[in-house]
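First the structure, in the form of structure tokens, and then the observations on it.
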Amino acid sequence: MRLAGLVIAGAALVAMLLLAACAPDATTVRDARETLGTFVTVTAYGADEEAIESAVDEAFDAMAAVERVLDVYSADSAASEFNMGAGPEPTELALIESAAERLEVGMWFSVRLRDVVAAWDFESGGSIPEDSELVAAMAAGGFDPGGAAKGLALDAAIDVLRSDPAVTAALVSAGSTTLTFGSKPDGGLWRIGIEDPREPSEVIATIEAEGGITVSTSGDYQRYFERGGERFHHILDPTTGFPARGLRTLTVIGATDGLDSDILSTALFVAGKDAAESYARDSGLGLFLIDDSGRALGVPDPNQRFTITQD
Ligand code: AMP
Ligand code: MG
């Protein structure tokens with residue numbers, strides 16, 4: 001009797017597994033390509049593999065289109081032409097500026113730091129600019145959309161995937177920003193790891209969410225150089241032109257879209273621990289940060305769309 005029960009239960013389990021394997025939403029397409037100056041991964045779920053693959057291709061095309069406009073490291077992008085006075089302001093730049101204004105982060109976030117970033121020379125090993133050089137660079141005010149471009153490009157990708165009926169759920173990630181939409185067909189949670197800022201191959205915290213989520217991290221370990229034991233990194237305080245002090249890494253969770261998310265991680269990194277915490281609490285955002293003494297602070301989601309677990 002007991003044995004028969006087990007056999008029946010076993011048969012039911014096998015049938016369920018077979019059903020899961022044949023479920024109409026069982027196909028997963030994963031692709032990783034070099035774009036936006038980094039590796040971008042797309043994972044898309046649905047039923048029709050060929051149709052999902054073509055949606056994923058389109059998503060990469062959409063990101064490449066944003067990159068072509070905003071890449072200030074390429075002399076013939078629309079943003080570079082605008083910087084040289086040889087073209088109109090691209091709408092993507094105006095979009096970033098108006099989002100920063102709407103989010104009221106102008107004290108901490110500026111798209112006019114191109115010459116200041118160049119003065120620090122992060123690309124070729126780094127150098128500490130003279131005060132006069134920094135003053136001139138801050139006055140020059142060239143456009144650098146680097147604090148928000150990935151978020152904007154990932155929005156374009158996720159829009160393509162969301163509007164394609166072949167795709168039921170997807171995750172796009174450029175490392176520092178990750179967006180998802182829909183729920184994973186196996187009923188599992190989306191899991192997004194936050195890197196240890198002093199051991200970036202290790203995960204120090206994990207975000208878990210059932211549905212669509214946005215996660216962005218800004219850190220002092222992504223582009224930096226050291227002089228005399230001091231770390232000079234790429235997230236600059238727009239009021240001084242110097243690297244923002246006080247934090248090693250900051251992650252914003254639950255912003256409306258990739259653009260807001262990317263702007264907010266950069267801005268709140270500059271804002272520092274206390275201002276970032278009150279901004280997150282006032283705006284209903286999740287937050288996870290590590291300060292310069294290695295202490296962690298988390299602000300949970302008031303709406304319970306996601307959890308943050310420190311590993
Ligand atoms: P993220 O990794 O999104 O925080 O962006 C950092 C990049 O944004 C830097 O490499 C610069 O190109 C640019 N950036 C640096 N400081 C700022 C700032 N305060 N506001 C806006 N963009 C910035
Ligand atoms: Mg950013």
Side-chain angles (χ1 to χ4, degrees), residues 36-40 66-67 70-74 77 79-80 83 92-93 95-101 103-124 126 129 134 137-138 140-155 173-179 194-195 197 200 214-225 231-253 255-272 275-276 279 285 287-290:
L36 309 172
T38 184
F39 257 99
V40 175
V66 175
E67 188 184 25
L70 290 182
D71 183 7
V72 288
Y73 294 94
S74 148
S77 70
S80 292
N83 268 341
E92 287 81 352
L93 266 182
L95 212 63
I96 296 172
E97 283 183 291
S98 66
E101 211 168 289
L103 293 166
E104 299 182 7
V105 292
M107 272 166 67
W108 309 309
F109 185 93
S110 165
V111 284
R112 291 187 163 270
L113 295 174
R114 170 81 190 125
D115 300 84
V116 187
V117 173
W120 286 94
D121 203 15
F122 294 107
E123 297 306 297
S124 335
L134 214 46
M138 286 174 74
F143 274 91
D144 174 8
K150 284 184 200 145
L152 189 62
L154 293 178
D155 279 340
S173 179
S176 58
T177 292
T178 301
L179 314 179
I194 299 176
E195 292 170 332
T214 65
V215 180
S216 287
T217 298
S218 289
D220 71 355
Y221 60 97
Q222 292 164 341
R223 268 165 94 197
Y224 70 96
F225 63 91
R231 180 181 290 241
F232 296 91
H233 64 83
H234 69 138
I235 304 174
L236 306 173
D237 183 335
T239 59
T240 62
F242 265 79
R245 294 292 175 217
L247 299 179
R248 293 179 183 171
T249 184
L250 177 144
T251 298
V252 170
I253 312 113
T256 309
D257 55 20
L259 175 60
D260 282 13
S261 182
D262 199 352
I263 290 175
L264 285 169
S265 71
T266 309
L268 298 184
F269 185 98
V270 175
Y279 189 100
L285 294 166
L287 191 73
F288 180 83
L289 61 79
I290 304 283

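Numbering of ligands and ligand atoms starts at 1, following listing order. Values in this document were obtained by computation on a predicted structure and should not be read as measured data. We count residues from 1, following the sequence as given.
- A donor-acceptor contact under 3.5 angstrom links the side chains of Tyr221 and Glu195, judged on distance only.
- The nearest N, O or S atom of Thr266 is closer to the Mg ion (ligand 2) than 2.8 Å.
- A donor and an acceptor atom, one from each side chain of Ser80 and Ser77, are located under 3.5 Å apart.
- Below 4.0 Å from some heavy atom of Ile235 lie the following atoms of ligand 1, by number and element: 4 (O), 15 (C), 16 (N).
- Of all the heavy atoms of Trp108, the ones lying under 4.0 Å from any atom of ligand 1 belong exclusively to the backbone.
- Inclusion of Gly147 in the first shell of the Mg ion (ligand 2) is supported: an N, O or S atom falls under 2.8 Å.
- With 3.5 Å as the limit, one finds no donor-acceptor pair spanning the side chains of Ser265 and Ser216.
- When the options Thr266, Leu268, Leu103, Leu264 are evaluated for a side chain to side chain contact (heavy atoms under 4.5 Å, CB included) with Phe109, the one that passes is Thr266.
- An N or O contact shorter than 3.5 Å links Arg223 to ligand 1 by distance.
- Below 4.0 Å from some heavy atom of Ser218 lie the following atoms of ligand 1, by number and element: 1 (P), 3 (O), 4 (O).
- Not a single salt bridge (charged side-chain N to carboxylate O under 4.0 Å, His left out) links Arg112 to another residue, sequence neighbours left out.
- Ranking the protein heavy atoms by distance from atom 22 (N) of ligand 1 puts Ser110 O, 3.5 Å first.
- Under 4.0 angstrom from ligand 1, there are no non-hydrogen atoms of Thr177.
- The atom name of the N/O/S atom in Asp262 closest to the Mg ion (ligand 2) is OD1.
- Those atoms of ligand 1 that come under 4.0 Å of a heavy atom in Asp144, given as number and element, are 11 (C), 12 (O), 13 (C).
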